[in-house]
Amino acid sequence: MKCIRSEIIGHGHYLPAKELTNDDLAQMVDTNDEWISTRTGIKSRHVAAEEEYTSDLAVNAAQMAVKTAGISVEEIDVVILATVTPDNTTPATSAKISARLGVKEGTPAFDISAACSGFVYALTMADNMIRLGQAKTALVVSAETLSKITDWTDRNTCVLFGDGAGAVVLRACEGEGTSADTGILATKIYADGSQYDNLRTTGGVSTSQNAGYIWMNGKEVFKFAINGLTQAAEEVMAMGNVKAENIDWLIPHQANIRIISGVGQKLGLPDEKVVVTIDHQANTSAATIPLALSEYMEAGKIKKGDLVVLNAMGAGFTWGGALVRI
Ligand code: ACO
């Protein structure tokens, strides 16, 4: 049956210039390259300059996405930003991004706070708006400057995170309602607030009047992540009526190489189908998936027609997945 689908017609990414290697971190806290590499898969990460903000990273990624989509910014009907590191508490950073890009006045713009699951949440919202006919073209951006909420004296957390941004442009297209369609074929998002305290910042506007630093119960997060990511992938594959052997690529949230491999194995996917960027980017929260997608598309690895599963898990806890034919 004919239906409206949201096709990814543009992709973009941006990493700040400054790189911080594991050896650099070993000069700052009691750690070493061997521990970080083997326990997390991270070798280096990018860090924003002092006066470089989430909106700066986002605008760069969005401009690339608009360019690769071959559209004019006037065609954008909605701007959604997923972030936990907004420039200001209010207004939404997406409004600033819209103005800087030159998006037409009056176009709705809003931020989504779903931590590392932010991109999957934002993609779901944009897809819903497109399928309802409320937008024809959507800009979805994920951008984070986690370095600004990292306690650089805490070795348990500071080795894990990085800064970066990724973006996609979605456009309405007609589908047949089958898994052969191009575009977003299924999405599923979840949350479990009973896990609120296991991964959070130490402060916030209403509690401490400052942003606080990232704090987590690493082992609990680890355990939940493998199950949540697997559940989300399995559910969107079932919704889209496809099996793991039909999948060309899995783009999991990049939190830890051991989580990524564990999920790939549970889904029965060979390593070469599992996208890994954590080695040079670390965990950029909401940005890991669109960053990885854009890098792989730019390199010609992920191609038109490929069937891709995206899955993420983060603070909340939130988690979710999407099945997309590029
Ligand atoms: N360098 C050297 N040693 C370290 C470091 C470090 N940077 N950090 C911790 N250690 C030490 C610990 O102090 C501990 O020492 P001890 O045994 O003497 O007490 C030892 O290493 C082992 O620590 P564990 O916490 O048991 O290490 P584990 O194997 O669980 O790995 C990690 C920790 C990497 C945080 C893991 O639990 C993890 O990845 N959890 C998922 C959390 C995550 O990814 N959070 C990111 C945000 S959430 C998300 O994106 C889904």
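Owing to the predicted nature of the structure, the values given are computational and were not obtained by experimental measurement. All values below come from the heavy atoms of this structure, side chains included, with hydrogens, waters and symmetry mates left out.
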Are I260 and I226 in one and the same hydrophobic cluster, where Ile, Leu, Val, Met, Phe, Trp and Tyr link if side-chain heavy atoms are under 4.5 Å apart?
yes
Check each of V275, V308, V263 against L250 using the side chain to side chain contact (heavy atoms under 4.5 Å, CB included) test, and report the only one that passes.
V263
Mind checking whether I189 and T318 have side chains closer than 4.5 Å, heavy atoms only?
no
So, do S98 and T107 sit near enough that their side-chain heavy atoms are less than 4.5 Å apart?
no
Enter the distance from T157:OG1 to L146:CG here, rounded to the nearest 0.5 Å.
11.0 Å
Shared hydrophobic cluster, I80 / L293 (ILVMFWY, side-chain heavy atoms < 4.5 Å)
yes
Return yes if some donor-acceptor pair links the side-chain N/O of E7 with the main-chain N/O of R5 below 3.5 Å, else return no.
no
Salt-bridge criterion met for R100 and D56 (N-O under 4.0 Å)
yes
Should V29 and C158 be marked as a side chain to side chain contact (heavy atoms under 4.5 Å, CB included) after you check the CA-CA gap, both sets of side-chain angles, and the distance that decides it?
CA-CA 9 Å; V29 288; C158 76; 4.0 Å; yes
Is there a side-chain contact between V78 and F110 (heavy atoms, below 4.5 Å)?
yes
Could you tell me which non-hydrogen atom of I112 sits nearest to which non-hydrogen atom of A122, and how far apart they are?
CD1-CA, 3.6 Å
I would like to know whether T85 and E144 meet side-chain hydrogen bond (donor to acceptor under 3.5 Å, both in side chains); could you show each step before the answer?
CA-CA 6 Å; T85 46; E144 300 284 11; 2.6 Å; yes
Is there a path from L170 to I251 through hydrophobic residues (I, L, V, M, F, W, Y) whose side chains come within less than 4.5 Å of each other?
yes
Please confirm whether the backbone N or O of G41 pairs with a side-chain atom of D279, one donor and one acceptor, at under 3.5 Å?
no
Residue pair S117 / G314: nearest heavy atoms and the distance that separates them
OG-N, 3.4 Å
Can you confirm whether E295 sits close enough to K301 that some side-chain heavy atom of one is under 4.5 Å from a side-chain heavy atom of the other?
no
Are N22 and R45 linked by a side-chain donor-acceptor pair shorter than 3.5 Å?
yes
Under 3.5 Å, side chain of D154 to main-chain N/O of D151, donor-acceptor pair present?
no
Would you say N241 has more than 12 foreign heavy atoms packed within less than 6.0 Å of its CG?
no
Look at the side chain of T145 and the backbone N and O of S147, then say whether any donor-acceptor pair between them is shorter than 3.5 Å.
no
Heavy atoms from other residues, nucleotides or ligands near CD of Q209 exceed 12 (cutoff 6.0 Å)
yes
Between N227 and K266, is any pair of side-chain heavy atoms under 4.5 Å apart?
yes
About how many Å separate CG of D271 and OG of S261, when rounded to the nearest 0.5 Å?
6.5 Å
Evaluate whether atom CD of E245 has more than 12 neighbouring non-hydrogen atoms of other residues, nucleotides or ligands under 6.0 angstrom away.
yes
Compare every heavy atom of S294 with every heavy atom of H13, then report the nearest pair and how far apart it is.
ND1-OG, 2.6 Å
Take L199 and N217 through the side chain to side chain contact (heavy atoms under 4.5 Å, CB included) test and state the conclusion after the steps.
CA-CA 6 Å; L199 177 56; N217 181 344; over 6 Å; no
Would you check if the side chain of K136 reaches a backbone N or O of I130 as a donor-acceptor pair within less than 3.5 Å?
no
Please walk me through it: do K96 and D87 pass salt bridge (Lys or Arg N to Asp or Glu O under 4.0 Å)?
CA-CA 9 Å; K96 195 192 226 181; D87 288 14; 2.6 Å; yes
Would H280 and E19 satisfy side chain to side chain contact (heavy atoms under 4.5 Å, CB included), going step by step from the backbone distance to the final call?
CA-CA 9 Å; H280 61 286; E19 260 189 89; 5.7 Å; no
Yes or no on salt bridge (Lys or Arg N to Asp or Glu O under 4.0 Å) for E52 and K18, after CA distance, side-chain angles and deciding distance?
CA-CA 11 Å; E52 194 175 23; K18 187 179 168 194; over 6 Å; no
Residue K104 excluded, over 12 heavy atoms near NZ under 6.0 Å:
yes
State plainly whether the residues D33 and K43 are in salt-bridge range, i.e. N to O under 4.0 Å.
yes
Is the shortest heavy-atom distance from the side chain of E176 to the side chain of M1 under 4.5 Å?
no
Chi angles and distances behind the side chain to side chain contact (heavy atoms under 4.5 Å, CB included) call for Q254, Q281:
CA-CA 9 Å; Q254 308 282 311; Q281 291 172 8; 5.7 Å; no
Under 3.5 Å, side chain of N256 to main-chain N/O of R39, donor-acceptor pair present?
yes
List the steps, then state whether side-chain hydrogen bond (donor to acceptor under 3.5 Å, both in side chains) holds for N198 with Q195.
CA-CA 6 Å; N198 275 326; Q195 302 284 345; 2.8 Å; yes
Looking at every non-hydrogen atom in both residues, tell me the closest pair between V47 and W152 and how far apart they are.
CG2-CH2, 4.5 Å
Under a 3.5 Å cutoff, is there a donor and acceptor pairing between the side chains of Q63 and Y14?
no
Heavy-atom closest pair, residues S94 and L81
CB-CB, 3.9 Å
Any donor-acceptor N/O pair, R155 side chain to L25 backbone, under 3.5 Å
no
State, with a plain yes or no, whether a side-chain heavy atom of L123 is found less than 4.5 Å away from one of L310.
yes
Are V140 and V103 in one and the same hydrophobic cluster, where Ile, Leu, Val, Met, Phe, Trp and Tyr link if side-chain heavy atoms are under 4.5 Å apart?
no
Among V141, I8, L139, whose side chain to side chain contact (heavy atoms under 4.5 Å, CB included) with V169 holds?
L139
CZ/F222: more than 12 non-hydrogen atoms of other groups inside 6.0 Å:
yes
K243 and M237 have their tightest heavy-atom pair at C-SD, 4.2 Å
Donor-acceptor under 3.5 Å (D24 side chain, T21 main chain):
yes
Would you say I71 and I76 make side-chain contact, with heavy atoms under 4.5 Å?
yes
Have T182 and R325 got a donor and an acceptor in their side chains that come within less than 3.5 Å?
no
Do H46 side-chain atoms and L15 backbone N/O form a donor-acceptor pair below 3.5 Å?
no
Linking I/L/V/M/F/W/Y whenever their side-chain heavy atoms sit closer than 4.5 Å, directly or via other members, would V221 and W215 fall into one cluster?
no
Which of parallel (below 30°), tilted (30 to 60°) and perpendicular (above 60°) describes F224 and W319?
perpendicular
Checking side chain to side chain donor-acceptor pair (under 3.5 Å) against H253, which of N311, T284, T288 comes through?
T288
Using a 3.5 Å distance criterion without hydrogens, assess whether the side chain of T207 forms a donor-acceptor pair with backbone atoms of G204.
yes
